[in-house]
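Okay, so here's the structure we're looking at.
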Amino acid sequence: MSRKTPLEKVRNIGIMAHIDAGKTTTSERILYYAGRIHKIGEVHDGAAVMDWMEQERERGITITSAATHLEWRDHQISLIDTPGHVDFTVEVERSLRVLDGAVALFCAVGGVEPQSETVWRQSEKYNVPKLAFVNKMDRTGADFFSVVAQMQKELGANGVPVVIPIGAEEKFKGIVDLVTMKAVMYIDDAEAGRNFTEEEIPADLVEVAQKWRTNLLEKCAEQDEVLLDKFLDTGDLSEMETRTVLRKATIAREVVPIFCGAAFKNKGIQRLLDGVIHYLPSPLDIPPVICAEEKEANQRAPEDSAPFSGMAFKIMSDKHMGKLTFVRIYSGTLRQGDTVYNSTRDKSQRVGRLLRMHAIKQEALDVAFTGDIVGIVGLSDTRTGDTLCNEDNPIHLMAIEFPSPVVSISIAPESKAENEKLSEALHKLADEDPTFTVSFDQETSETIISGMGELHLDIIVDRLRREFNVKAAVGRPEVAYRETGTIAVEGEGKYIKQSGGRGQYGHVKVRLQPRDKGQGFAFINSVVGGRIPNNFIPSVEKGIVKAMIAGPFAGYPVVDMAVELYDGSYHDVDSSDIAFQEAARMAFKDLFMKSQPQILEPIMAVEVVTPEEFMGAVTGSICQRRGRIDQMETKGNSKVIESHVPLSEMFGYANHLRTLTQGRANFSMQFEHYEAVPFNVAEEIVKKRREQNKVR
């Protein structure tokens, strides 16, 4: 079977933004205008196609990324709608890893918001070309040019408007296309904005439009010397020349074309879709994927005739089909029944079914081609970030990096009969979400689940009840504290055990040295002269790593420490792997307590947007929570307070803020870094932790 759409007409894009910027609403309009759906579903009615989970429809937020497929002007577009809430940032991360381009949405009132910056940084990490869409131009306080300025200042983006609005707020009625220099006037009718007219630019906007067209042409001309000469000679470029050079600059990530509209009022979406076609890359426009280890020595060109390669970027549990794996195909073709090689796990697996996704619905495929994003049934041993390829032509692609969980709770089934069901369900959910982890606390005999925030874990527990029919009791949220040492120390550990038979002997001398924040653990072997045989060196490291899992100070994981093994001794008969593990564990525990240990806590970047009359109460509440206010500024009629607050102080803050501001303020937060806990707070944490362990 041959390819239906030429590869140069394929677009793989995602929609990313801060929460409540209108991503899902925009996605619904895109599907409607492309003919993929015939009735627009609204988020507030719980009827949006792309918000298919029950929790999404009830809460009016996107929780999981949803993929769909559509056609626009003879082009094939794979579209992924991503969440805006910081607790579900993993969905943005893994989607951007496999997409060729993205549409960044900004609220015309809120502008560049905290999560806008986060998703922008994520897209920059993966070198993803972008368009920007300033949404909600019909809202009170909408200011297109202010958002453009914020993008340039706060994101460092070379934003270039390719349209400008005609009116704003309730008077927003169309746009001026700066490429064609025509006014696009939308007709409010039963056709939901499908109808519009192209007219001459209104007289009062001609001067402004000419100014921004000159800005557009200057930015374009800068990217091409021939066109720069023509622009300097004639002061103008043709429509085709403008589109060609703007596309080239967008793909090179030199500029970001900016569109605007009001998705809820069905305005501006068709021009945005045209922009996706004109300016975002096809798989042919991005560099070939390369092997993570061998760099240029092993790469895959985006060709159907090349050996197959792809990346599993998302796992989903489907009650009817079981495990569904989302895969981006970078090269070659894939057919139902093919055997693929998982180079990450060194396993071969068979493709049971091949599907094209439309949110929760599927369409069966016989074959998938380069550039396609598909769902595969049958890859039971595949995890998020794994590379799939042809076994005769293996390649290992760069994996996806995920942030560590910051909040934990204990969880237990309400009855012993449900214990196995709970365990199975938790591991299925952990397969789906790399930022959700499950562990077992040996000391307390409790199952601990960890995630990116209270909402994240709340959704997990809700899914256990609804999807897996498991009723579970949960403990109070616990902060993922860490421990570290602050001074260098050295000493020894000796493990000697004699019994009737063979004894145990292990002896190590080690140095502990604190490392800079975020550098993690390092093990250094400085033993010379065979004082400890080489086969026991890994045992020493293993013992230290075990001791670091639950730190000696308060039982939290130890981070940012270097441990140097510089001497020791052994016994020809009694020395063993276990003996050296125990000696290392004893040495580490003893020395760590002498290294002036401290507890580290996660610090969150918190932004509160509040009416001015509540500003004093809000800043007071942040200070009471050990927060540090960094900046205050005015946005429209509101005050924006940027601060850093310990995560431990943020539980229940949403309800507190509503009470404080009569429900008129909102906030967002995201993990920023770990920081030492003040001495008096650390004492309380240690005391409480030890009391909990005694009770358990």
Side-chain angles (χ1 to χ4, degrees), residues 10-16 27 49-53 56 62-70 76-83 88-102 122 126 128 283 289 308-336 338 340 342-345 349-365 367-389 397-400 402 428-436:
V10 171
R11 301 288 184 271
N12 292 314
I13 66 167
I15 298 187
M16 61 182 198
S27 297
V49 170
M50 300 299 272
D51 281 350
W52 56 268
M53 291 176 67
E56 292 178 315
T62 301
I63 293 168
T64 184
S65 55
T68 189
H69 171 81
L70 57 108
Q76 172 188 306
I77 301 175
S78 291
L79 172 70
I80 297 181
D81 176 28
T82 66
F88 310 109
T89 188
V90 60
E91 298 290 340
V92 185
E93 186 81 21
R94 60 178 162 199
S95 298
L96 288 172
R97 171 63 180 81
V98 299
L99 292 171
D100 302 329
Q122 288 173 301
Y126 295 117
V128 178
V289 290
F308 166 72
S309 67
M311 172 165 281
F313 67 95
K314 180 178 171 69
I315 307 293
M316 191 173 84
S317 295
D318 186 282
K319 57 177 135 183
H320 303 297
M321 294 182 294
K323 184 174 178 178
L324 181 62
T325 306
F326 287 72
V327 176
R328 159 68 194 265
I329 300 176
Y330 285 107
S331 63
T333 58
L334 188 63
R335 289 175 171 77
Q336 185 173 306
D338 280 357
V340 296
N342 185 326
S343 61
T344 308
R345 304 190 183 276
Q349 298 166 83
R350 184 177 174 275
V351 176
R353 293 180 65 192
L354 203 56
L355 306 165
R356 175 161 283 145
M357 303 304 297
H358 179 47
I360 193 60
K361 298 178 181 177
Q362 308 95 19
E363 170 191 335
L365 295 175
V367 59
F369 300 94
T370 298
D372 284 350
I373 292 176
V374 295
I376 299 177
V377 179
L379 306 183
S380 57
D381 293 322
T382 296
R383 300 288 180 270
T384 300
D386 286 0
T387 299
L388 303 174
C389 57
L397 305 178
M398 190 71 70
I400 310 172
F402 298 110
K428 280 184 178 179
L429 291 172
D431 266 357
E432 289 185 21
D433 185 350
T435 60
F436 170 67

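Since we're looking at a predicted model, the values are computed, not measured.
Atom CD1 of residue I376 and atom CD of residue Q336 lie 10.5 Å apart, to the nearest 0.5 angstrom. Interatomic distance, CZ of R350 versus CG of L379, reported as 11.0 Å (0.5 Å rounding). Atom CG in L79 sits 11.5 Å away from atom NE2 in H69 (nearest 0.5 Å). In this structure, CG on D433 lies 14.0 Å from CE on M316, to the nearest 0.5 angstrom.
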side-chain contact (heavy atoms from CB on, under 4.5 Å) between I329 and F369, worked out: CA-CA 7 Å; I329 300 176; F369 300 94; over 6 Å; no
Derivation and outcome, side-chain contact (heavy atoms from CB on, under 4.5 Å), residues L334 and L388: CA-CA 11 Å; L334 188 63; L388 303 174; over 6 Å; no
Stepwise side-chain contact (heavy atoms from CB on, under 4.5 Å) check, T387 with Y330: CA-CA 11 Å; T387 299; Y330 285 107; over 6 Å; no
I315 vs K323, side-chain contact (heavy atoms from CB on, under 4.5 Å): CA-CA, chis, key distance, verdict: CA-CA 7 Å; I315 307 293; K323 184 174 178 178; 3.5 Å; yes
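None of L99, V92, V98 except one satisfies the side chain to side chain contact (heavy atoms under 4.5 Å, CB included) rule with S95; the exception is L99. The side chain to side chain contact (heavy atoms under 4.5 Å, CB included) test with M357 is passed by exactly one of T68, V374, L324, I80: L324.
When side chains are defined from C-beta on, S78 does not count as touching R328, because their heavy atoms never get closer than 4.5 Å. In this structure the side chain of D386 never reaches within 4.5 angstrom of the side chain of T325, judged on heavy atoms.
In plain terms, the two heavy atoms of F326 and A67 that are nearest each other are CE2-CB, 4.2 Å. Considering all non-hydrogen atoms of both residues, D431 and R383 come closest at OD1-NE, 3.2 Å. When all heavy atoms of A102 and L96 are compared, the pair lying nearest together is CB-CD2, 4.2 Å. In plain terms, the two heavy atoms of D100 and P283 that are nearest each other are OD2-CG, 3.6 Å. Of all the heavy atoms in M311 and G385, the pair that sits closest is CE-O, 3.7 Å. Summarising the geometry of T384 relative to E432, their closest heavy-atom pair is OG1-O, 4.2 Å, with the distance given to 0.1 Å.
A donor-acceptor contact shorter than 3.5 Å links the side chain of N12 to the backbone of G371. Remark: the backbone N or O of N342 is not paired with any side-chain donor or acceptor of Q349 at under 3.5 angstrom. A donor-acceptor pair under 3.5 Å is formed between the side chain of T82 and the backbone N or O of I15. At least one donor-acceptor pair closer than 3.5 Å links the side chain of R97 to the backbone N or O of M398.
S309 pairs by the side chain to side chain donor-acceptor pair (under 3.5 Å) definition with S331, not counting sequence neighbours. Q122 meets the side chain to side chain donor-acceptor pair (under 3.5 Å) test with T89, E93; sequence neighbours excluded.
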